[in-house]
Each structure stands twice: as structure tokens, then as C-alpha cells.
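Along the sequence shown, residues are numbered consecutively beginning with 1. A quick note: this is a predicted structure, and the numbers were derived from the prediction, not measured.
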Amino acid sequence: SEPVKIAVILAMARMLQDSDIARYEPIQVVPRLIAIGLPVGLIAMQPDLGTAILVILLALTIAVLAVPSLWPVSSITLVVMGSIPLLWEKMHGYQKHRVLAFLDPASDPHGVGWQTQQSIFAVGSGQVTGKGFMSGTQKFDFLPEYWTDFPFAHWSEEWGFVGCFGLLGLFAFLLVWILNVAMEARDRSGAIICVGVGAMTFWHLVVNLGMVLGMAPVVGVTLPFISYGGSSLLTFCVAMGLVASVSLRRHGY
């Protein structure tokens with residue numbers, strides 16, 4: 001499902017490249033909404049709730065920044081929020097347990113809430129400077145699957161607050177570079193591609209850190225360039241390649 005995010009970014013760049021999108025008639029808007037909503041529905045049916053949520057956040061972020069009028073975006077947002085009760089009824093049992101464990105981690109500390117609690121313990125045990133490289137202890141069967149969804153917890157334990165500040169600083173530098181390329185892009189579609197890549201990176205980072213710190217349900221969202229997994233790494237490498245291509249076109253190459 002990871003490459004779908006790149007496809008959505010390119011599709012929205014094509015849909016919104018017209019500078020007169022504020023004049024679109026409903027008959028022109030509806031097919032575009034279906035084109036974006038269809039992959040979200042298919043991903044949610046897999047079921048892959050985390051990717052579906054990220055695609056929605058990605059599309060809404062691009063729309064807010066690229067569409068002159070906020071009324072269509074506001075209407076779509078209200079429709080999405082209104083469908084949450086229906087979504088809850090369609091969710092699988094394990095997905096509901098994850099949400100309930102997020103709301104009350106102590107309700108099942110040795111079951112669904114185990115990974116979140118161990119992640120918080122790992123982050124806290126790192127303190128200011130961490131325990132040192134390869135000296136973390138939570139990875140020894142306390143924090144399961146730490147190399148996929150929870151690498152930040154392992155990083156925090158070994159490198160502490162100082163290491164986390166440095167890692168987040170690198171992500172901030174990356175996001176600033178992407179937005180700078182977007183603002184100086186030669187055409188509207190290139191700017192939208194950069195905005196989409198920046199939004200994808202930002203929401204991956206926010207949701208993953210939220211999972212690690214117990215501020216969001218565990219939905220299987222990777223940490224960009226850090227989490228183990230070929231599809232996630234490949235997707236972000238392709239995304240950065242698109243931004244680099246826009247940057248080259250800006251300089252006339």
C-alpha cells in the first residue's frame with residue numbers, strides 16, 4: 001500500500017495543476033473525489049487502517065494548501081468526520097482493541113497495551129544522553145517489533161533526549177528543504193508534488209511519534225528512512241527523487 005501514496009500525490013498534482021480550479025463545476029469535482037476516495041476504500045478493506053488514514057491526511061493537506069477556496073475541503077472534512085461511527089462499526093476486533101488500548105492503556109497492560117507501555121518505558125529510560133550504542137535493554141523481548149513501527153523508542157533509549165533532538169532536527173531540515181523547493185518550483189504541478197511529499201513525510205513522522213509516545217493508536221505507520229522494510233524505504237526514496245527532479249527543473253536542467 002505504500003506506493004499508493006506516491007500515486008495519490010501525482011494524481012492530485014495532475015488534478016490541481018489548473019489555476020482556475022475554483023471555477024470547477026460539481027460534475028468536474030465528483031470524479032476527482034472518486035479517484036482519490038477509491039484507493040482509500042480499497043486500502044481500508046485490506047484491512048490497513050494506518051495507510052488509509054495517512055492517505056486521507058495527505059489528500060486533505062494538499063487540498064488545503066492548493067485549493068483557493070476552503071469550502072470544498074471543509075465539506076469533505078465534515079463528511080469524513082461524520083462517517084467515523086460507521087467506520088467504527090466496520091473495523092475489525094483487533095483494530096477496536098488498539099483504539100481502546102490507546103484511550104486506556106492500563107485496561108490491558110499485558111495484551112494490546114503492552115507494546116505502547118514498553119515503548120514509553122524505553123523513551124523514558126534514555127533520559128538525557130541515553131544508555132549508549134547497543135546498550136538498550138528494551139529490545140530484548142520487552143519491545144516487540146522495535147525495528148519496524150517503534151525504532152524511535154529504541155533510538156531514544158540508546159541516545160536519549162540529545163539524540164532525539166538531533167534526529168528530529170534532521171527531519172525538520174528535510175521538510176524545510178522540501179517546502180523551499182515547492183515555493184520556488186517553476187510550475188503549479190511541481191509545487192503540489194513537493195507539498196505532497198512534505199505532507200507525507202510530516203504525517204508519517206507525527207503519527208509514528210504519536211504511537212511511540214502513547215499519543216496515538218498503534219496503526220502500523222513507519223518512521224521515514226528509519227523503519228526496517230523495503231516498501232517504505234523505496235517509497236520515500238522515490239518521493240525524494242520527485243522533489244529533486246522539481247528542484248532541477250527550477251534551475252533549468
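A distance of 10.5 Å separates OG1 in Thr129 from CH2 in Trp159, rounded to the nearest 0.5 Å. Note that the CG atom of Leu54 and the NE2 atom of His204 stand 4.5 Å from one another [nearest 0.5 Å]. Taking CD of Glu184 as the reference point, atom CG of Leu179 lies at 11.5 Å (rounded to 0.5 Å). The CH2 atom of Trp155 lies 10.5 Å from the CG atom of Leu223; values are rounded to the nearest 0.5 Å. Rounded to the nearest 0.5 angstrom, Leu168 CG and Phe152 CZ are separated by 4.5 Å. Note: Leu213 CG to Ser156 OG = 7.5 Å, rounded to the nearest 0.5 Å.
Between the side chains of Ser227 and Thr222, no donor-acceptor pair of N or O atoms lies under 3.5 Å.
Taken together through direct or relayed side-chain contacts under 4.5 Å among Ile, Leu, Val, Met, Phe, Trp and Tyr, Val162 and Phe171 form parts of separate hydrophobic clusters. Cluster annotation: Val197 is connected to Leu234 through the hydrophobic network of ILVMFWY side chains, with a link wherever side-chain heavy atoms come within less than 4.5 Å. At a threshold of 4.5 Å between side-chain heavy atoms, the hydrophobic network of Ile, Leu, Val, Met, Phe, Trp and Tyr places Met183 and Phe202 in two separate groups. In this structure, Val238 is a member of the same hydrophobic cluster as Ile192, with clusters built from ILVMFWY side-chain heavy atoms closer than 4.5 Å.
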Worked check of side chain to side chain contact (heavy atoms under 4.5 Å, CB included) between Val8 and Ile62: CA-CA 10 Å; Val8 169; Ile62 295 175; 5.6 Å; no
Check the pair Leu174, Phe225 against side chain to side chain contact (heavy atoms under 4.5 Å, CB included), reporting the backbone distance first and the verdict last. CA-CA 12 Å; Leu174 178 63; Phe225 302 108; 3.9 Å; yes
Take Ile9 and Leu242 through the test side chain to side chain contact (heavy atoms under 4.5 Å, CB included) and record every step on the way to the result. CA-CA 10 Å; Ile9 292 173; Leu242 291 174; 5.6 Å; no
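Contact record, Ala185 with Ala191: CB-N, 3.6 Å, taken as the closest heavy-atom pair. In terms of heavy atoms, Leu175 sits closest to Gly198 at CD2-O, 3.5 Å. Met240 and Trp177 get closest at one heavy-atom pair: SD-CZ3, 4.4 Å. Of all heavy-atom pairs spanning Phe236 and Pro224, the tightest one is CZ-CG, 3.7 Å. Smallest separation of non-hydrogen atoms from Met12 and Ala63: CE-N, 4.2 Å. The two atoms that bring Leu58 and Gly196 nearest to each other are CD1-O, 3.2 Å, heavy atoms only.
Thr235 contributes a side-chain N or O that, together with a main-chain N or O of Ser231, makes up a donor-acceptor pair within less than 3.5 Å.
At a threshold of 4.5 Å between non-hydrogen side-chain atoms, the residues Trp203 and Val221 do not count as touching.
Here the options are Val181, Ile178, Asn180, the test is side-chain contact (heavy atoms from CB on, under 4.5 Å), and the partner is Ser247; only Val181 passes.
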